[in-house]
Amino acid sequence: MTTRVRFAPSPTGYLHIGSARTALFNYLYAKHVGGKFLLRIEDTDLARSTDESTRSILEGLAWLGFSPDEEIVYQSNNADKHRAAALKLLEEGKAYRDFTPKAEPSDKNIKATIAKRARQNQGEKSMRDNPFRDLSKEESAAKAAAGEPFAIRLKIAEVGKTSFEDAVYGLQERDYEEIEDLVLLRSDGHPLYNLAVVCDDIEMEITDVIRGQDHLTNTHKQILIYEALSIKPPRFAHLPLILAPGGKKLSKRIHGEIVSMTTYRDHGFLAAAFRNFLALMGWSAGEEKEIYTLDELTEKFSLEGIHRNPAIFNFDANNPKRWTDDKAIWMNAEYIRTMPLAELLPFVKAELKSAKLWRDEYDDDDKVWFEKTVDLIRERFFTLKDFSAQGRAYFSEDFDFEPAAIDKNLKKFPDLQTWLPELAERFESVEDFTHDPIHEVVVNFAEEKGAKLGQIMNGARALLTGLAVGPSMLAVFETLGKEKSIMRLKSQIAWNS
RNA sequence: GAGGACGUAGGCAAAUCGGUGAUGCCGCCAGACUUUCAAUCUGGAAAUUGCGGGUUCGAGUCCCGUCGCCCUCACCA
């Protein structure tokens, strides 16, 4: 039997970082064993699901490069089948009609309400004391025929326990006493999550369910549904959660866009780098290696390498430099400076285009220059955004001067205001404007003025790039070329800023 | 409240059947590169493996307890 796994997000927000990792692991597992990776949108809850979320999730997955091997399944399209399954169980006496009037949810603090109720019922009520549980078939049918609204609940046996072997967490057992007769179908005929998931997984012939640990205890309920339906449950593998700094829950509401996949795309992350980072959250190949290509991940991935302890995703909302996990940023930088240049170029091109810095000559006449320049500046860049931000001066005359750079490297040495234009004059006579000749000119110039070489170089850097840091100035002069170097050295704009 | 998980340096991880000074990466600190650095190179600090017991010649690895943290418990998904 071929392995079939699915990633099943509910479209109530964008693609969450934890969901993205779940998708990754599903994808890797499927590819590792030569199975199929499927996608199902769990939009059963029409009130909360939005098309925009679906779009955002699809976008996030597309960015990460996980395309499903079969058509996307929309759970809402299967509602009739879910209903039929509930009715079948009712017919077989494995479920019953519950005529208890539906309680209006207090909505606000629903979790707290549940916990509170559980505390109060503690030891008092049995999970099986529903008065309608043992209503005779005739009585139940009569009430229904009379138009009384009812929900359909699964009839769970009085004694016994469910158990399954989780591929990550091992043997899981739960006593029936602890499981309520769960609602399968709402009184308005709407199928509920657990029923829908089980029915769809059966329909899609899913062999392995790989999902977040938050579903671990709910799995028992689903197993009960499988058993009622007389279908063998799939294998389950639950993934440790990804937590916020301090071990707290990572939530969209509290942490905002930091948890959204599209944020990383929009902030200049390479999908390959982020995938790599995500793969190391909760999984390891058991070796001292950090950088893996998708193929390597696919080859090495196994459920056995998944950890049981939750991982913390680090970030500091108040620190622009640490807006997201350090290691993720480092990983991205590592990819930017070490990946084959040819693979990086299209990304840089797209970035420059979106910043309106792209010129078509970069693809023909200035191709060599463009490639050389990208190769030079990528060395100390962290995200694709840096090419249009810190790298702006390489592609446009319209760039900003960083105040700190101007103060520290320029205004602190007033002599530079006349020296640098003077240096520009010397450049005029340099025929071969390359490393060695430029070096000679600058060294002689500094000596003549009795200045330290660094003083001249750093001042020039501030004027030519607007920044205090960057590649070796000789490389910058050469890259920018004679004409621009001279022009910028003479410019007084920075001095007047 | 009940049930279920988890707990190796600030973070992510490693450590075959329990067996040398607990390993790698990120981050941090320092030195070098005497042209910068959120680059590169080199070095360093940082963990009584949550805590307390127990088993053992020997425990991060097994057992018990304790604390912490997370998850689930809905006519949400």
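Just so it is clear, the values below take in all heavy atoms, side chains as well, and ignore hydrogens, waters and symmetry mates. Here is the naming used below: chain letters follow the sequence lines, and residue numbers restart at 1 for every chain.
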By nearest atom, which of the nucleotides [options] is closest to the [X] side chain?
X         : options                   : result
Phe382(A) : rC73(B), rA38(B), rG3(B)  : rA38(B)
Met281(A) : rC71(B), rA14(B), rC12(B) : rC12(B)
Val183(A) : rA14(B), rA5(B), rC75(B)  : rC75(B)
Lys327(A) : rA77(B), rA39(B), rC12(B) : rC12(B)

Per-pair distances, 0.1 Å, donor-acceptor, side chain in residues 306-317 of chain A, under 3.5 Å, sequence neighbours excluded:
| residue | atom | partner | partner atom | Å |
| --- | --- | --- | --- | --- |
| Arg308(A) | NH1 | Val168(A) | O | 2.9 |
| Asp316(A) | OD1 | Asn318(A) | N | 3.0 |

What's [X] touching, base or sugar-phosphate or nothing? Going by heavy atoms closer than 4.0 Å.
X         : answer
Tyr193(A) : base
Lys249(A) : sugar-phosphate
Gln172(A) : sugar-phosphate
Glu42(A)  : sugar-phosphate
Glu287(A) : nothing
Gly282(A) : sugar-phosphate
Pro471(A) : base
Arg48(A)  : base
Thr217(A) : base
Leu474(A) : base
His307(A) : sugar-phosphate
Gly247(A) : sugar-phosphate

Report the distance from atom [atom1] of [X] to atom [atom2] of [N], rounded to the nearest whole Å.
X         : N       : atom1 : atom2 : result
Glu180(A) : rA2(B)  : CD    : P     : 18 Å
Lys289(A) : rA15(B) : NZ    : C1'   : 20 Å
Arg322(A) : rC26(B) : CZ    : C1'   : 9 Å
Ile312(A) : rU8(B)  : CD1   : C1'   : 13 Å

Subject >> Any residue meeting side-chain hydrogen bond (donor to acceptor under 3.5 Å, both in side chains) with Tyr264(A), in chain and number order, not counting sequence neighbours >> reply: Thr324(A)

Subject >> Pair Asp181(A)-Asn130(A), side-chain donor/acceptor within less than 3.5 Å >> reply: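 Looking only at side-chain atoms, Asn130(A) and Asp181(A) do not form any donor-acceptor pair under 3.5 Å.
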
**OP:** Would you check if there is a donor-acceptor pair between the side chains of Thr219(A) and Arg211(A) at a distance under 3.5 Å?
**Re:**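 Yes, a side-chain donor-acceptor pair sits under 3.5 Å.
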
Original post:
Is the number of heavy atoms from other residues, nucleotides or ligands within 6.0 Å of CD (Glu52(A)) greater than 12?
Top reply: no

Original post:
In this structure, are over 12 heavy atoms from other groups packed under 6.0 Å from Lys161(A) atom NZ?
Top reply: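 Check fails, neighbour count at 12 or below.
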
Please state the [atom1] separation for the pair [N] and [M] - nearest whole angstrom.
N       : M       : atom1 : answer
rG68(B) : rA5(B)  : C1'   : 14 Å
rC73(B) : rA59(B) : P     : 42 Å
rU42(B) : rC26(B) : P     : 12 Å

**OP:** Report the relative orientation of the aromatic rings in His215(A) and Tyr193(A); use parallel for angles under 30°, tilted for 30 to 60°, perpendicular for over 60°.
**Re:**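 Parallel, since the angle between the ring planes stays under 30°.
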
Subject >> Range-with-range stems of RNA chain B (Watson-Crick or G-U pairs under 3.5 Å, three or more in a row) >> reply: B:1-4 with B:70-73, B:10-13 with B:23-26, B:28-32 with B:40-44, B:50-54 with B:62-66

Original post:
Taking all non-hydrogen atoms of both residues, which atom of Leu480(A) and which atom of Ala393(A) are closest, and how far apart?
Top reply: CD1-O, 4.1 Å

